[in-house]
Amino acid sequence: MKPQEKAAGTKERILTRILPLFLVNNYETITIGLMEDATRMTRGTIYRYFDNKEDIFKQALFRYYDSPQNVLFAIYPEKHNLTEYWKLKIQQLECAYSYLREYGILVDMLAISHYIEIQGMRIIPSFSEMIASHKHRNLKYWSLVIRNTPDISLNTQRMSYHRAGQIYHAMFLQLCSSYPKVKLSLPAFKFS
């Protein structure tokens, strides 16, 4: 293995093992000792790859928030109809749930995503731009899915595609906050 590949692998292991700490703990309460315990590496090794705790937090935060492990991550719908996209979002939800359970995190995924948003905006103000981008894309993508579904017709004078997308996005978020206790089937909704 080349030294660069080994370094990238070590940095990735550090981020992977430290991220769960940031998902459920207040930024200020995480010490280098906790990070050493989580990574099973010394502080010298950790700080060889990161400048400081804020740098670790920032990289872990962006890595998590901009991945399908975060239920608020916007997945591009391509040419999916509503049923296909719903299945894709359910897979994302199940993946996020499995990821959190692997680390013994039993809080609902939506709460985790909102918690990390709050922590992120407090420590890294520019993080709010990523949050806004994902929120905008989620609404846009759900609207595209409604447009791609031939058996949904909207009376566009009463309901826009954007509004219909907002409704399905809200239903998905509700599911995220009550998963795994609820049915995963696509909710029927009449738009006329």
Side-chain angles (χ1 to χ4, degrees), residues 1-76 88-138 169 172-182 184:
M1 182 181 290
K2 295 180 182 177
Q4 296 147 325
E5 291 171 352
K6 184 177 179 184
T10 302
K11 185 175 183 176
E12 181 65 23
R13 275 194 308 283
I14 292 169
L15 286 174
T16 299
R17 292 178 182 163
I18 288 179
L19 176 60
L21 290 175
F22 289 119
L23 293 178
V24 294
N25 294 291
N26 194 348
Y27 174 82
E28 287 79 16
T29 64
I30 298 172
T31 64
I32 186 63
L34 287 172
M35 290 189 272
E36 286 176 314
D37 290 344
T39 61
R40 295 183 204 105
M41 296 179 193
T42 65
R43 70 184 64 209
T45 302
I46 294 169
Y47 286 130
R48 185 176 311 139
Y49 298 96
F50 301 94
D51 296 334
N52 51 38
K53 182 169 87 169
E54 185 177 318
D55 183 36
I56 297 168
F57 177 70
K58 181 178 182 178
Q59 289 189 46
L61 174 75
F62 280 92
R63 180 177 177 262
Y64 170 77
Y65 201 82
D66 207 23
S67 79
Q69 292 171 330
N70 169 19
V71 293
L72 299 178
F73 176 73
I75 298 176
Y76 184 72
L88 189 63
K89 293 299 281 184
I90 295 304
Q91 288 173 349
Q92 176 188 16
L93 174 60
E94 290 171 339
C95 174
Y97 181 75
S98 295
Y99 170 75
L100 293 175
R101 286 204 47 104
E102 180 181 327
Y103 292 99
I105 301 171
L106 304 177
V107 179
D108 76 68
M109 279 88 41
L110 193 56
I112 291 289
S113 294
H114 287 311
Y115 179 74
I116 202 69
E117 282 181 356
I118 292 165
Q119 291 288 317
M121 287 188 300
R122 198 168 53 76
I123 307 302
I124 306 160
S126 65
F127 183 60
S128 61
E129 295 167 18
M130 181 181 271
I131 294 169
S133 172
H134 277 291
K135 286 180 180 179
H136 174 74
R137 278 185 279 157
N138 267 310
H169 180 60
F172 175 71
L173 294 179
Q174 176 62 38
L175 177 66
C176 291
S177 67
S178 37
Y179 182 80
K181 300 172 189 135
V182 296
L184 300 178

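Numbers here simply count residues along the sequence, with the first being 1. What you see is a predicted model; the values in this text were computed from it and never measured. Side chains included, hydrogens not; waters and symmetry mates left out as well; all remaining heavy atoms used.
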For the pair [X] (side chain) and [Y] (backbone), establish whether a donor and an acceptor sit closer than 3.5 Å, ignoring hydrogens and angles.
X      : Y     : result
Asp66  : Phe62 : no
Tyr27  : Glu54 : yes
Tyr115 : Asn25 : yes
Gln69  : Ser98 : no

State, yes or no, whether a side-chain contact exists between Leu72 and Tyr65 at a heavy-atom distance under 4.5 Å.
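Sidechains of Tyr65 and Leu72: in contact.
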Does a side-chain heavy-atom distance below 4.5 Å link Ile90 with Leu175?
yes
Atom [atom1] of [X] and atom [atom2] of [Y]: how far apart are they, to the nearest 0.5 Å?
X      : Y      : atom1 : atom2 : value
Met109 : Ser178 : CE    : OG    : 9.0 Å
Met35  : Ile46  : CE    : CD1   : 6.0 Å
Ile124 : Gln119 : CD1   : CD    : 10.5 Å
His169 : Lys89  : NE2   : NZ    : 7.5 Å
Phe172 : Tyr179 : CZ    : OH    : 10.5 Å
Leu93  : Cys176 : CG    : SG    : 4.5 Å

For [X], all residues meeting ring pair (Phe, Tyr, Trp, His ring centres under 6.0 Å), sequence neighbours excluded:
X      : value
Tyr103 : Tyr99
Phe73  : His134
Tyr76  : Tyr141

Give the C-alpha distance, both sets of side-chain angles, the deciding distance and a yes or no for side-chain contact (heavy atoms from CB on, under 4.5 Å) between Glu28 and Ile123.
CA-CA 10 Å; Glu28 287 79 16; Ile123 307 302; 4.0 Å; yes
Can you give me the closest heavy-atom contact between [X] and [Y], atom names plus distance?
X      : Y      : answer
Leu19  : Ala60  : CD1-O, 3.6 Å
Ile30  : Lys53  : O-NZ, 2.9 Å
Leu23  : Ile112 : O-CD1, 3.6 Å
Ile75  : Leu88  : CG2-CD2, 3.5 Å
Gly120 : Leu61  : CA-CD2, 3.7 Å
Ala74  : Asn138 : CA-OD1, 3.5 Å

Please table the atom pairs, donor to acceptor, closer than 3.5 Å between any side-chain atom in residues 11-18 and protein atoms at least two apart or in another chain.
| residue | atom | partner | partner atom | Å |
| --- | --- | --- | --- | --- |
| Lys11 | NZ | Gln59 | OE1 | 3.1 |
| Glu12 | OE2 | Arg63 | NE | 3.2 |
| Glu12 | OE2 | Arg63 | NH2 | 2.4 |
| Arg13 | NH1 | Gly9 | O | 3.4 |
| Arg13 | NH2 | Thr10 | OG1 | 3.2 |
| Thr16 | OG1 | Glu12 | O | 2.8 |
| Thr16 | OG1 | Arg63 | NH2 | 3.1 |
| Arg17 | NH1 | Thr39 | O | 2.9 |

Pairs where residues 32-51 contributes a residue and the test salt bridge (Lys or Arg N to Asp or Glu O under 4.0 Å) is met, not counting sequence neighbours:
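Salt bridge (Lys or Arg N to Asp or Glu O under 4.0 Å) check on residues 32-51 returns Glu36-Arg43.
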Not counting sequence neighbours, which residues clear salt bridge (charged side-chain N to carboxylate O under 4.0 Å, His left out) with Glu129? List them please.
none
Determine, step by step, whether Arg122 and Asn26 satisfy the side-chain contact (heavy atoms from CB on, under 4.5 Å) criterion, reporting the C-alpha distance in whole Å, the side-chain angles of both residues, the deciding distance to 0.1 Å, and the verdict.
CA-CA 11 Å; Arg122 198 168 53 76; Asn26 194 348; 2.9 Å; yes
State whether the number of non-hydrogen atoms from other residues, nucleotides or ligands found under 6.0 Å of Arg137 atom CZ is greater than 12.
yes
Taking everything shown except His114 itself, do over 12 heavy atoms lie less than 6.0 Å from its NE2?
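Yes - once you tally the heavy atoms of other residues, nucleotides and ligands closer than 6.0 Å, there are more than 12.
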Any luck finding a side-chain donor-acceptor pair between Ser113 and Asn70 under 3.5 Å?
yes
Proximity of Phe22 and Tyr64 rings by center, below 6.0 Å
no
